[in-house]
Chemist: 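Mind having a look at this structure? Questions to follow.
Quick note on labels: first sequence line is chain A, next is B, and so on, each numbered from 1. No hydrogens, no waters, no symmetry mates; every other heavy atom, side chains included, goes into these values.
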Number of protein chains: 2
Amino acid sequence: MDELEIFRDFIRRKGLRYTPERERIIREIFATHDHFDVETLYLGMRRKGHRVSKASIYRLLPLLIEAGLVQEVFFEDGHMHYEHIYGHDHHCHLRCTQCRRIEEFTDPALEDVERRLAERFGYRVQGHKLEVLGLCPACRERQRRRSGTGTPAP
Amino acid sequence: MDELEIFRDFIRRKGLRYTPERERIIREIFATHDHFDVETLYLGMRRKGHRVSKASIYRLLPLLIEAGLVQEVFFEDGHMHYEHIYGHDHHCHLRCTQCRRIEEFTDPALEDVERRLAERFGYRVQGHKLEVLGLCPACRERQRRRSGTGTPAP
DNA sequence: GTATCTGCAAACCCTTTGCAATAAG
DNA sequence: CTTATTGCAAAGGGTTTGCAGATAC
């Protein structure tokens, strides 16, 4: 079952409509595994000649999130960034606080954390969002040189 | 060394000014351990008779973050929420996706995750931000009743 | 004395919303 | 046929910014 079928089921169960605009947006979102924001998605679609309005994208996103197909990943530069989470293993983000480069990773320890939380607080855990912040090798080196002490950065 | 001293050092090292407005804002932020947003902080200060403008708060926040005293915790309801991270042990958030209730927790496994990442990607890790999402006990129960199947929710 | 900071209000920009026409079911 | 969806453009709301006066150092 692919993302379109999942969405079709989801939207019908809610008594809403499956439209060509929605299908096109979903296709575009799932065409890559990259993070995206509304502006980029919108411009990408226009460039390919797909007619959609930003309003339709903004109206669709909450549905995709509710359907479990898309997730907000972080808010940056004054707007939200998303990623699709179906057909692409869940992963977390390691961000360089200086150059903003992003690495993706997964760590099985997080499932244990979830399990412990579910037990301790009685929650039914639905997912998690982990962002680790730090300095990438290049920025560490750059910083080391600037400080000029000759002492390697920790 | 308290947060004001840390900030004073930080701001002087940058050649900027330590002003009574900035001090008042920092005092207010550190007066509780709760999350805050700009509006709440601003109204709280006005209520206490402290004259500050929102602009000064908005201009101070990036400095506090750079100084390592404050962190963005999540973007919700159209605006950012913050918390101070000095003099209060680091913790992560467990959020009910339905009623938005928030529990704080810490898990030592995260330090291991950080260590593994530092080694694998060559980063100098500065911190992390983990948000676990799920249904709190009350909302699980509420959902179970509504579905009315008699089957306890997983 | 000089450069930064403050408060105010306007500008900005992402997101949401009202509306009339269109289309799904 | 009814109700949801679309695109547009305007409104909304948090955040940023230009400016003139005040202030840290």
Side-chain angles (χ1 to χ4, degrees), chain A residues 4-5 7-29 35-46 48-67 70-82, chain B residues 4-5 7-29 35-46 48-67 70-82:
Chain A
L4 291 176
E5 293 172 313
F7 181 71
R8 181 175 242 132
D9 284 3
F10 169 84
I11 209 80
R12 295 249 161 95
R13 229 178 300 119
K14 297 199 66 137
L16 304 177
R17 312 282 161 80
Y18 186 83
T19 66
E21 288 82 1
R22 290 180 170 176
E23 181 173 323
R24 264 183 253 133
I25 298 169
I26 296 171
R27 281 189 193 285
E28 180 78 12
I29 289 175
H35 305 144
F36 65 91
D37 54 43
V38 172
E39 185 70 16
T40 311
L41 182 66
Y42 173 72
L43 292 177
M45 293 184 73
R46 299 220 92 191
K48 290 169 194 159
H50 299 135
R51 275 184 277 86
V52 241
S53 66
K54 277 190 197 173
S56 293
I57 296 174
Y58 277 114
R59 283 189 273 234
L60 176 58
L61 279 167
L63 293 171
L64 293 176
I65 290 169
E66 195 186 337
V70 164
Q71 195 180 32
E72 298 183 334
V73 281
F74 45 75
F75 181 85
E76 199 169 84
D77 302 318
H79 58 269
M80 188 55 73
H81 297 247
Y82 307 84
Chain B
L4 291 177
E5 293 171 313
F7 182 71
R8 181 176 242 131
D9 284 1
F10 169 83
I11 210 78
R12 295 249 162 95
R13 228 176 303 117
K14 296 197 67 137
L16 304 178
R17 311 285 159 79
Y18 187 83
T19 67
E21 288 82 0
R22 291 180 168 174
E23 181 172 324
R24 265 184 252 132
I25 298 170
I26 296 171
R27 282 189 193 285
E28 181 77 12
I29 290 175
H35 305 145
F36 65 91
D37 54 41
V38 172
E39 185 68 17
T40 312
L41 182 67
Y42 173 71
L43 292 178
M45 293 185 72
R46 300 220 91 191
K48 290 170 194 158
H50 298 134
R51 276 184 277 86
V52 240
S53 66
K54 278 190 195 172
S56 293
I57 296 175
Y58 277 115
R59 283 189 271 233
L60 176 58
L61 278 168
L63 293 171
L64 293 176
I65 290 169
E66 195 186 338
V70 165
Q71 195 181 32
E72 298 184 333
V73 281
F74 45 76
F75 181 85
E76 198 170 84
D77 302 318
H79 58 268
M80 189 56 75
H81 297 249
Y82 306 84

Chemist: At under 4.0 Å, does any side-chain N or O of B:Y18 touch on OP1 or OP2 of D:dA24?
Modeler: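 For D:dA24, OP1/OP2 do not have a side-chain N/O of B:Y18 under 4.0 Å.
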
Chemist: Is the phosphate of C:dG7 approached by B:S56 (side-chain N or O, under 4.0 Å from OP1 or OP2)?
Modeler: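 Yes, such a contact exists.
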
Chemist: Without decimals, in angstroms, what is the distance between A:I26 CD1 and D:dT5 C1'?
Modeler: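 Distance check: A:I26 CD1 to D:dT5 C1' gives 14 Å.
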
Chemist: Determine whether A:L41 and A:V52 make a side-chain contact, defined as any pair of heavy atoms from C-beta on separated by less than 4.5 Å.
Modeler: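 No; the side chains remain at least 4.5 Å from each other.
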
Chemist: Between B:F7 and B:Y18, how do the two ring planes meet: parallel, tilted or perpendicular, split at 30° and 60°?
Modeler: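 Rings of B:F7 and B:Y18: tilted, as their planes differ by 30° to 60°.
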
Chemist: Is there a side-chain polar atom (N or O) of A:R22 under 4.0 Å from OP1 or OP2 of D:dT6?
Modeler: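 For D:dT6, OP1 or OP2 has a side-chain N or O of A:R22 closer than 4.0 Å.
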
Chemist: Categorize B:P62 for me: base, sugar-phosphate, or nothing, with a 4.0 angstrom heavy-atom threshold over every strand shown.
Modeler: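 No contact at all - B:P62 keeps every heavy atom at 4.0 Å or more from the nucleic acid.
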
Chemist: Less than 4.0 angstrom between a side-chain N/O of A:R12 and OP1 or OP2 of C:dG25, yes or no?
Modeler: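 Looking at the OP1 and OP2 atoms of C:dG25, one of them is under 4.0 Å from a side-chain N or O of A:R12.
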
Chemist: Establish, with yes or no, whether the OP1 or OP2 oxygen of D:dT16 is under 4.0 angstrom from a side-chain nitrogen or oxygen of B:R59.
Modeler: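 No, B:R59 has no side-chain N/O under 4.0 Å of OP1/OP2 on D:dT16.
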
Chemist: Taking 4.0 Å as the cut-off, does a side-chain nitrogen or oxygen of A:Y58 come that near to OP1 or OP2 on C:dT16?
Modeler: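 For C:dT16, neither OP1 nor OP2 has a side-chain N or O of A:Y58 closer than 4.0 Å.
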
Chemist: Reading DNA chain D from 5' onward, which residue's closest nucleotide shows up sooner: B:E39 or B:E21?
Modeler: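 Taking each residue's closest nucleotide, the earlier one in sequence belongs to B:E39.
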
Chemist: Rounded to the nearest angstrom, tell me the gap between atom NZ in A:K54 and atom C1' in D:dG12.
Modeler: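 Going from NZ in A:K54 over to C1' in D:dG12 covers 16 Å.
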
Chemist: Are the charged groups of A:E23 and A:R8 less than 4.0 angstrom apart, N to O?
Modeler: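 Not counted as a salt bridge, because no side-chain N and carboxylate O are separated by less than 4.0 Å.
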
Chemist: Is the phosphate of C:dA24, meaning OP1 or OP2, less than 4.0 Å from a side-chain N or O of A:T19?
Modeler: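 For C:dA24, neither OP1 nor OP2 has a side-chain N or O of A:T19 closer than 4.0 Å.
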
Chemist: Could one point to a donor on the side chain of B:R17 or the base of C:dA3 with an acceptor on the other under 3.5 Å away?
Modeler: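 Side chain to base: pair present.
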
Chemist: Check this for me: A:R46, atom CZ, are more than 12 non-hydrogen atoms of other residues, nucleotides or ligands nearer than 6.0 Å?
Modeler: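 Counting neighbours around CZ of A:R46, 12 or fewer heavy atoms of other residues, nucleotides or ligands fall under 6.0 Å, so no.
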
Chemist: By nearest heavy atom, map B:A55 and B:G78 onto DNA chain D; which one lands nearer the 5' end?
Modeler: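 That would be B:G78.
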
